[in-house]
Amino acid sequence: MFDLSTLNPPQQEAVLHDKGPLLILAGAGSGKTRAVTHRIAYLIKERGVSPYSILAITFTNKAANEMKERVAKLLDDSPNGVWVSTFHSACVRILRRYCEHIGYGSNFSIYDTDDVKSLMKQVLKSLNVDTKRIKEKAFINEISAAKNECIGPEEYAMHAFSYPETVFAQVYAEYQRRLKENNAFDFDDLLFKTVELFDTCREALEHYQQKFEYIMVDEYQDTNTAQFRFIKQLANHTNFYGECEHNLCVVGDDDQSIYKFRGADVTNILNFENTYPHARVIKLEQNYRSTGNILNVANEVISHNASRKDKRLWTSLGDGEPVAFIQYNNDFEEARGITDEIKEAVDSGKNAYRDFAILYRTNAQSRLFEERMIYRNMPYRIVGGINFYQRKEIKDILAYLKTIDNGLDALQTKRILNIPKRGIGDVTVENIQSYADMEEISFYDALLHVERIPSVSRSKSKITGFTDMIEALKAKASSMKVSELIEEIISAIDYYDYLADFDLDSADDRKENIYSLIDRAASYEDENGDEATLSNFLAELALVADIDSVNADEDCVVLMTLHGAKGLEFENVYMSGMEDRLFPSALSLDSEAELEEERRLCYVGITRAKKRLTFSAAKQRMIHGETNSTVVSRFIIKEIPRHMLSVKGHAHESYMRAPKYDEAARPVNSTVTRDFYLGRSNPASAPSLLHLDYSVGDRVLHRNFGEGVITDIKKGTKDYEVTVDFSGTKKRMLASFAKLKKI
């Protein structure tokens, strides 16, 4: 009999649920991974479900690896065959098999942030777009948002009417054309194109629908439209009798939905029972991480959100230390006070550096802490700095590997054409690209036929030398391990000599990074055996996230943003900069939906702490070169009862002169009533929205979700937030992006 004795009653209930949709509302630190892994093992051991028919989806490689290890242990380390994967890794695996059905080769490249920027620069230059008028980043963000909503270039263009919209449409179309020409996907494409594949290739969709009898999705509150559709497409497995069972188990916490800026839609979890009316809901509210005082503060803050599922965390670990709040004179004193306190705790033997994390709302806040730690000779690590795989030397070697693997990728080929220097000028590169465009061949194929391009005859021998080397490396790649191929590349191009010429002072450090890359390749080979192909290795590296690099055993203070801290835990947490207009951010103060997201972010920060939590604020803070007076965050003054905090420093006087954060006084547009703004509107009393051709109660058409009824409209500073009921499934969306059409 499968042992469930280590699980609490709600966890056991979740494990024993067999057929049909299941929503596990798992509060922070409530043991959701334990419940999910036990459920997988239970299905295999007790229900006789084939491990090959189970798919478990997570958001990070770290979470996926942890889940794999736990499942293997529960199954006595036997090979289990369960797909435990991130969304993007699963999509890569699917696309490798079926992407030819949508016009891509299976050896496609995956573009990282730098690759996307480089390609976008080329696109904007070719279209003569004035980047002073519309920034490059705006195009990247807009295209990313479109893909997250499963909106392709053609559909985007259909709804482009104004001048900026038509420019965005042209750029989107050209950007996507070049990606396909390079046989490459950007990060958003991995999901967007998999959804497209399932929409257009019945063979692929039915294969995976029948393969996966049980699907489990972790962190469901962070899913966007593309991820929602991907899961909904897959969760249609039919049994022997032809019945669709919807054996979909989603796990998440609406109170920890903090990635709206990435396209995450909290309504996916809030409306799960509408999407699957027969869903069972189980709440995990017992917290195994934090002390009672920390959880009480977290519960008080999040209770001020209206759009949430009702739950309250509790623990049997005892009350612990009181939560502290300290206010300093200025941000310099804040950095000094916190770092000195950490230093004293470590020097006294009470703690190690690894026991501390300093969390902040914006990356800019890290500078003062970093400077102070350098001064005090304290080890620290900033999570979210330069990613290892974004360093020049790593990008260079990876570009060689990508060119060997995928000759269609012009971006990578152009990067290494003069690394090391070969004397091939920009004009020559442009002439080769022109020839490639004229002949409708790849840039690399044009290099192979350089003798046909009269305008580059002077560089012919240099280009031929480059392509001969690449072709020789391609021939060796099929019989070499990836780690061996990297060493072969370094030898073929004398890369270490090139690094010394490039920057002698940094050459040794850069070499060490390359050694680390070789070690990474060797480890990958040991872990994956015959599956450790060059294509798979490159895909693995492309999907590495910042959180995957956090090493809990490294003895240093961790500095990171509150967004970056999700999924982690620390003995002692400092939440710095608790000031209105910094946290919550100034941009959130005139939108209830945005303010609720900031409050969820605060809740996430609080629940990272296991034993000790300290809030800090500064009376004055340097912003853009000017010293500004601040007001203590409403999350502290307004939403946490005074008796729950141990108040220190200047905080006492701040409580004496605390502002009254009356909801009616929030800086909302005067044409919107208070009740309407807070989402408690009566449809009949909703104000007239002159530039929308629909209002509450109207039937509308959405490009993805079909027909629906407008149930609510809220006006923010920049856009309208529209709530639409699509046959029982409610979606909140921005009007300018949703492009709803009145029926």
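Below, each value reflects all heavy atoms present in this structure, side chains not excepted, and no hydrogens, waters or symmetry copies. We number each residue from 1, following the sequence as shown.
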Engineer: Tell me which pairs pass ring pair (Phe, Tyr, Trp, His ring centres under 6.0 Å) where either residue lies in residues 578-607, with sequence neighbours left out.
Structural biologist: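 As it turns out, the ring pair (Phe, Tyr, Trp, His ring centres under 6.0 Å) pairs with a partner in residues 578-607, which skip direct neighbours, are Phe583-Phe635.
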Engineer: Please evaluate residues Tyr328 and Lys619 with respect to the criterion side chain to side chain contact (heavy atoms under 4.5 Å, CB included), reporting the C-alpha separation (whole Å), side-chain torsions for both, the decisive distance (0.1 Å), and the verdict.
Structural biologist: CA-CA 6 Å; Tyr328 298 90; Lys619 294 174 68 176; over 6 Å; no
Engineer: Between the side chains of Asp254 and Lys309, is the shortest nitrogen-to-carboxylate-oxygen separation below 4.0 Å, so that they form an ion pair?
Structural biologist: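 Looking at Asp254 together with Lys309, the answer is no, because their closest N to O distance does not fall below 4.0 Å.
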Engineer: Out of curiosity, Lys566 NZ to Ile258 CD1, how far, rounded to the nearest 0.5 Å?
Structural biologist: 6.0 Å
Engineer: Take atom OH of Tyr515 as the centre, draw a 6.0 Å sphere, and report whether it contains more than 12 heavy atoms from other residues, nucleotides or ligands.
Structural biologist: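 Correct, the count exceeds 12.
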Engineer: Could you check whether atom CD of Glu344 has more than 12 heavy atoms from other residues, nucleotides or ligands sitting under 6.0 Å from it?
Structural biologist: no
Engineer: For Val251 and Ala26, which heavy atoms make the closest approach, and how far apart are they?
Structural biologist: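 For Val251 versus Ala26, the nearest heavy atoms are CG1-CB, 4.0 Å.
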Engineer: Does any N or O in the side chain of Ser85 come within less than 3.5 Å of the main-chain N or O of Ala90, such that one atom is a donor and the other an acceptor?
Structural biologist: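 Yes, the answer is positive, given that a donor and an acceptor are paired below the 3.5 Å cut-off.
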Engineer: Can you list the steps and then say if Leu541 with Asp112 is a side chain to side chain contact (heavy atoms under 4.5 Å, CB included)?
Structural biologist: CA-CA 10 Å; Leu541 298 192; Asp112 62 18; over 6 Å; no
Engineer: Is a side-chain donor or acceptor of Thr58 paired with a backbone partner of Asp218 at a separation under 3.5 angstrom?
Structural biologist: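 Such a contact is absent between Thr58 side chain and Asp218 backbone.
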Engineer: Assess whether a salt bridge exists between Glu371 and Arg367, defined as any Lys/Arg side-chain N lying under 4.0 Å from an Asp/Glu carboxylate O.
Structural biologist: yes
Engineer: Looking at Asp526, I want to see if its CG is surrounded by more than 12 non-hydrogen atoms of other residues, nucleotides or ligands under 6.0 Å.
Structural biologist: yes
Engineer: Give me the atom names and distance for the closest heavy-atom approach of Leu74 to Thr37.
Structural biologist: CD1-O, 3.6 Å
Engineer: Restricting to non-hydrogen atoms, name the atom on Ala35 and the atom on Val15 that form the minimum distance, rounded to 0.1 Å.
Structural biologist: O-CG2, 3.5 Å
Engineer: Contact between Pro10 and Glu285 at the side-chain level, heavy atoms closer than 4.5 Å - yes or no?
Structural biologist: no
Engineer: Between Asn293 and Met644, is there a side-chain heavy-atom distance shorter than 4.5 Å?
Structural biologist: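 With C-beta onward as the side chain, the pair stays apart.
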Engineer: For residues Val346 and Phe356, determine if any side-chain heavy atom of one lies less than 4.5 Å from a side-chain heavy atom of the other.
Structural biologist: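 Yes - at least one pair of side-chain heavy atoms lies under 4.5 Å apart.
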Engineer: Ignoring hydrogens and geometry, is there a side-chain-to-backbone donor-acceptor pair from Gln620 to Asn330 under 3.5 Å?
Structural biologist: no
Engineer: Are the side chains of Asn628 and Glu579 in contact, using a 4.5 Å heavy-atom criterion?
Structural biologist: no
Engineer: Give a yes or no on whether the ring-centroid distance for Phe59 and Phe87 is below 6.0 angstrom.
Structural biologist: yes
Engineer: Kindly compute the distance separating CZ (Arg376) from CG (Asp340), expressed to the nearest 0.5 Å.
Structural biologist: 4.5 Å
Engineer: Starting at CG of Leu7, measure out to CD of Gln12 and round the result to the nearest 0.5 Å.
Structural biologist: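 Rounded to the nearest 0.5 Å, the CG-CD separation comes out at 5.5 Å.
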Engineer: Look at Arg312 together with Glu300 and state whether they make a salt bridge at an N to O cut-off of under 4.0 Å.
Structural biologist: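 Yes, this pair counts.
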Engineer: Apply the test salt bridge (charged side-chain N to carboxylate O under 4.0 Å, His left out) to residues Arg600 and Glu597: give CA-CA distance (whole Å), side-chain angles for both, the deciding distance (0.1 Å), then the verdict.
Structural biologist: CA-CA 5 Å; Arg600 291 194 292 267; Glu597 176 115 348; 2.8 Å; yes
Engineer: Got a donor-acceptor contact below 3.5 angstrom from the Ser290 side chain to the Leu295 backbone?
Structural biologist: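 A pair under 3.5 Å: no.
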Engineer: Do the side chains of Phe369 and Ile342 get nearer than 4.5 Å, heavy atoms only?
Structural biologist: no
Engineer: Quick check against the 3.5 Å criterion: does Asn305 have a side-chain atom that pairs as donor or acceptor with the backbone of Ser307?
Structural biologist: no
Engineer: Would you check if the side chain of Glu334 reaches a backbone N or O of Gly577 as a donor-acceptor pair within less than 3.5 Å?
Structural biologist: yes
Engineer: So if I apply the salt bridge (charged side-chain N to carboxylate O under 4.0 Å, His left out) rule between Glu598 and each of Arg634, Arg361, Lys260, which one comes out positive?
Structural biologist: Arg361
Engineer: In Å, rounded to the nearest 0.5 Å, how long is the span from CD1 of Ile397 to CG of Asn513?
Structural biologist: 11.5 Å
Engineer: Would a 4.5 Å heavy-atom cut-off, applied to side chains only, mark Asn528 and Phe537 as touching?
Structural biologist: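 Answer no - side chains too far apart.
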Engineer: Can you tell which of Lys611, Lys610, Arg612 makes a salt bridge (charged side-chain N to carboxylate O under 4.0 Å, His left out) with Glu321?
Structural biologist: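 The option that passes is Arg612.
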Engineer: Is a side-chain donor or acceptor of His563 paired with a backbone partner of Tyr259 at a separation under 3.5 angstrom?
Structural biologist: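 Judged by distance alone, no pair lies under 3.5 Å.
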Engineer: Using a strict cut-off of less than 4.0 Å between a Lys/Arg side-chain nitrogen and an Asp/Glu carboxylate oxygen, indicate whether Lys395 and Asp115 qualify as a salt bridge.
Structural biologist: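 Salt bridge flag = yes for Asp115 with Lys395.
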Engineer: Flag this pair as yes if the NZ/CZ of Lys392 is under 6.0 angstrom from the six-membered ring centre of Phe502 and inside a 45 degree cone about the axis; otherwise no.
Structural biologist: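 Positive - Lys392 is close enough to the ring of Phe502 and near enough to its axis.
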Engineer: Looking only at atom types and distance, does a side-chain atom of Asn287 sit under 3.5 Å from a main-chain N or O of Ala28, one as donor and one as acceptor?
Structural biologist: yes
Engineer: Hey, are Asp255 and Lys311 close enough for a salt bridge, meaning a charged N less than 4.0 Å from a carboxylate O?
Structural biologist: yes
Engineer: Any non-hydrogen side-chain atom of Tyr574 less than 4.5 Å from a side-chain atom of Ser616?
Structural biologist: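 Side chain of Tyr574 against side chain of Ser616, heavy atoms only: no contact under 4.5 Å found.
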Engineer: Check for a donor-acceptor pair, side chain of Gln11 on one end and backbone N or O of Gly31 on the other, with a separation under 3.5 Å.
Structural biologist: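 Looks like yes, one N/O pair under 3.5 Å.
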Engineer: When you measure from the side chain of Arg289 to the backbone of Thr607, do you find a donor-acceptor pair of N or O atoms at a distance under 3.5 Å?
Structural biologist: yes
Engineer: Given side chains that start at C-beta, do those of Glu219 and Lys32 come closer than 4.5 Å, heavy atoms only?
Structural biologist: yes
Engineer: Going through the distances and angles, do Arg34 and Arg70 end up as a side chain to side chain contact (heavy atoms under 4.5 Å, CB included)?
Structural biologist: CA-CA 8 Å; Arg34 180 186 297 177; Arg70 291 202 194 184; 3.8 Å; yes
